[in-house]
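Since this is a predicted model, take the numbers as computed values, not measurements. Numbered from 1 within each chain, the chains take letters A, B, ... in sequence-line order.
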Protein chains: 2
Amino acid sequence: MLNHMVERSAHLDAVFHALADPTRRAMLGRLAERELTIGELATPFHMSFAGASKHVRVLENAGLVKRTIRGRSHLCRLEAARLAEADAWLKRYERFWTAKLDRLEALLREEDRAQAKSKSKSKSKSVTE
Amino acid sequence: MLNHMVERSAHLDAVFHALADPTRRAMLGRLAERELTIGELATPFHMSFAGASKHVRVLENAGLVKRTIRGRSHLCRLEAARLAEADAWLKRYERFWTAKLDRLEALLREEDRAQAKSKSKSKSKSVTE
DNA sequence: AAAACGTTAAACCGATTGGTTGACAATTAG
DNA sequence: CTAATTGTCAACCAATCGGTTTAACGTTTT
């Protein structure tokens with residue numbers, strides 16, 4: 001049964017808060033490709049070094065990033081477990097949009113039948129943000 | 001030039017921000033069961049009426065809730081499309097946590113094989129979490 | 001030992017957040 | 001008509017946010 005109280009989950013609070021900033025989402029996107037130092041994470045953004053460092057700290061506190069100090073560099077790697085938690089939370093609501101998508105899909109099928117002819121479609125799959 | 005680095009998605013910003021608060025997540029949880037007025041949404045939380053109203057406003061601005069004014073009551077209903085957007089964003093990282101589960105599974109299979117070689121024919125595969 | 005590097009800490013800033021109160025408008029009930 | 005109900009708005013508050021600058025720290029290089 002659903003909880004009538006405020007569903008407290010500090011994890012989810014921190015994860016969703018961390019994801020609510022485009023800079024941090026972009027950082028995660030880059031960490032999805034390879035491990036990066038704080039400096040490497042900072043450079044793409046026109047932002048002070050310390051500013052980027054604070055963003056990384058937020059990601060770290062949310063458990064989305066883990067840090068390994070090697071010499072004077074801090075290597076960051078993506079930690080996806082907490083993303084899985086957020087995903088699990090969203091799953092609870094999946095039926096609401098799939099129902100809608102089903103209806104949309106039916107509608108598009110109808111259109112396709114009427115339109116008869118259409119062409120090409122490309123698909124990019126890079127994680128850029 | 002500024003937007004080259006950080007791909008802006010105001011939608012995601014707003015949705016993740018809205019989800020980063022336990023009161024708002026609880027409100028969505030109740031709206032998943034039935035449509036509710038602002039007052040009904042407010043009562044479970046020991047919070048002023050205006051306070052709850054502001055939370056609903058945040059959910060509304062994120063596109064997660066839609067309001068229908070009927071007389072003096074404001075009926076709120078869940079709008080899941082934006083949740084689907086958040087889910088789609090997370091999906092791009094799915095391989096990271098599924099990959100980990102895959103590796104764990106492979107490891108367990110390996111263990112099983114080693115055990116079978118060394119000794120008996122026990123075939124337990126309980127992965128309880 | 002000194003200089004350069006990678007990063008954090010501290011102090012500060014304006015904007016936003018989550019929350020309150022009190023006044024107000026509109027609808028409904030007695 | 002007058003009450004009460006339902007909700008908003010504006011003002012205010014302390015806390016946090018995203019960002020800066022400057023200083024400091026430990027590590028490597030020279």
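- In this model, the phosphate group of C:dG19 is not approached by any side-chain N or O of B:His46 to a distance below 4.0 Å at OP1 or OP2.
- The shortest distance between side-chain heavy atoms of A:Leu59 and A:Glu79 does not fall below 4.5 Å.
- In this model, the phosphate group of C:dT17 is approached by a side-chain N or O of B:His17 to a distance below 4.0 Å at OP1 or OP2.
- Atom pair B:Leu59:CG and C:dG18:C1' shows a separation of 13 Å (rounding to whole Å applied).
- We find that CD1 of B:Ile69 is positioned 16 Å from C1' of D:dT5, with the value rounded to whole Å.
- Of the candidates C:dT21, C:dT7, D:dG19, D:dG19 carries the atom nearest the A:Met47 side chain, counting heavy atoms from C-beta on.
- In this structure a side-chain-to-backbone donor-acceptor pair under 3.5 Å is present from A:Thr98 to A:Glu94.
- In this structure, D:dA3 forms no base pair with any nucleotide, since neither Watson-Crick nor G-U wobble geometry is met with both distances under 3.5 Å.
- Other residues, nucleotides and ligands place more than 12 heavy atoms under 6.0 Å from the NZ atom of B:Lys91.
- Looking at which nucleotide of DNA chain D each of A:Asp21 and B:Gly39 is closest to, the 5′-most match is held by B:Gly39.
- Distances shown here put every side-chain N or O of A:Ser48 at or beyond 4.0 Å from the OP1 or OP2 atom of D:dG19.
- By the 4.5 Å heavy-atom criterion applied to side chains, B:Phe45 and B:His55 are not counted as neighbours.
- Set against D:dT6, C:dT7, D:dG18, the side chain of A:His55 has D:dG18 as its closest nucleotide.
- With a 3.5 Å ceiling on both atom-pair distances, C:dT28 lacks any Watson-Crick or G-U wobble partner.
- With respect to B:Glu33 and B:Arg30, no salt bridge is recorded, no charged nitrogen being found less than 4.0 Å from a carboxylate O.
- By the 4.5 Å heavy-atom criterion applied to side chains, B:Glu85 and B:Val15 are not counted as neighbours.
- When the P atom of D:dC17 is taken as reference, atom CG of A:Asn61 falls 10 Å away, rounded to whole Å.
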Set out, line by line, the N/O atom pairs under 3.5 Å between protein and nucleotides 26-29 of chain C.
residue	atom	partner	partner atom	Å
C:dT27	O2	B:Arg72	NH1	2.9
C:dT28	O4'	B:Arg72	NH1	3.4

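- Rounded to an integer number of Å, the gap from B:Phe49 CZ to C:dG19 C1' is 16 Å.
- Judged by distance alone, with hydrogens and angles left aside, the side-chain atoms of A:Arg24 form no donor-acceptor pair with the main-chain N or O of A:Leu19 at under 3.5 Å.
- Atom CZ of B:Arg57 is separated from atom P of C:dT16 by 16 Å (rounded to the nearest Å).
- If you measure from atom CG of B:Leu19 to atom P of C:dT17, you get 15 Å, rounded to the nearest angstrom.
- Looking only at distances, a side-chain donor or acceptor of B:Tyr93 sits under 3.5 Å from a matching main-chain atom of A:Gly29.
- Using a 90° window around 0 for the glycosidic torsion, C:dA3 falls outside it and is classed as anti.
- Rounded to a whole Å, the CD atom of A:Glu40 is 8 Å from the P atom of C:dT7.
- Along DNA chain C, the nucleotide nearest A:Lys54 and the nucleotide nearest B:Arg24 are compared for position; the residue whose nucleotide lies closer to the 5' end is A:Lys54.
- At whole-Å resolution of the value, CG in B:Leu36 and P in D:dG7 are 11 Å apart.
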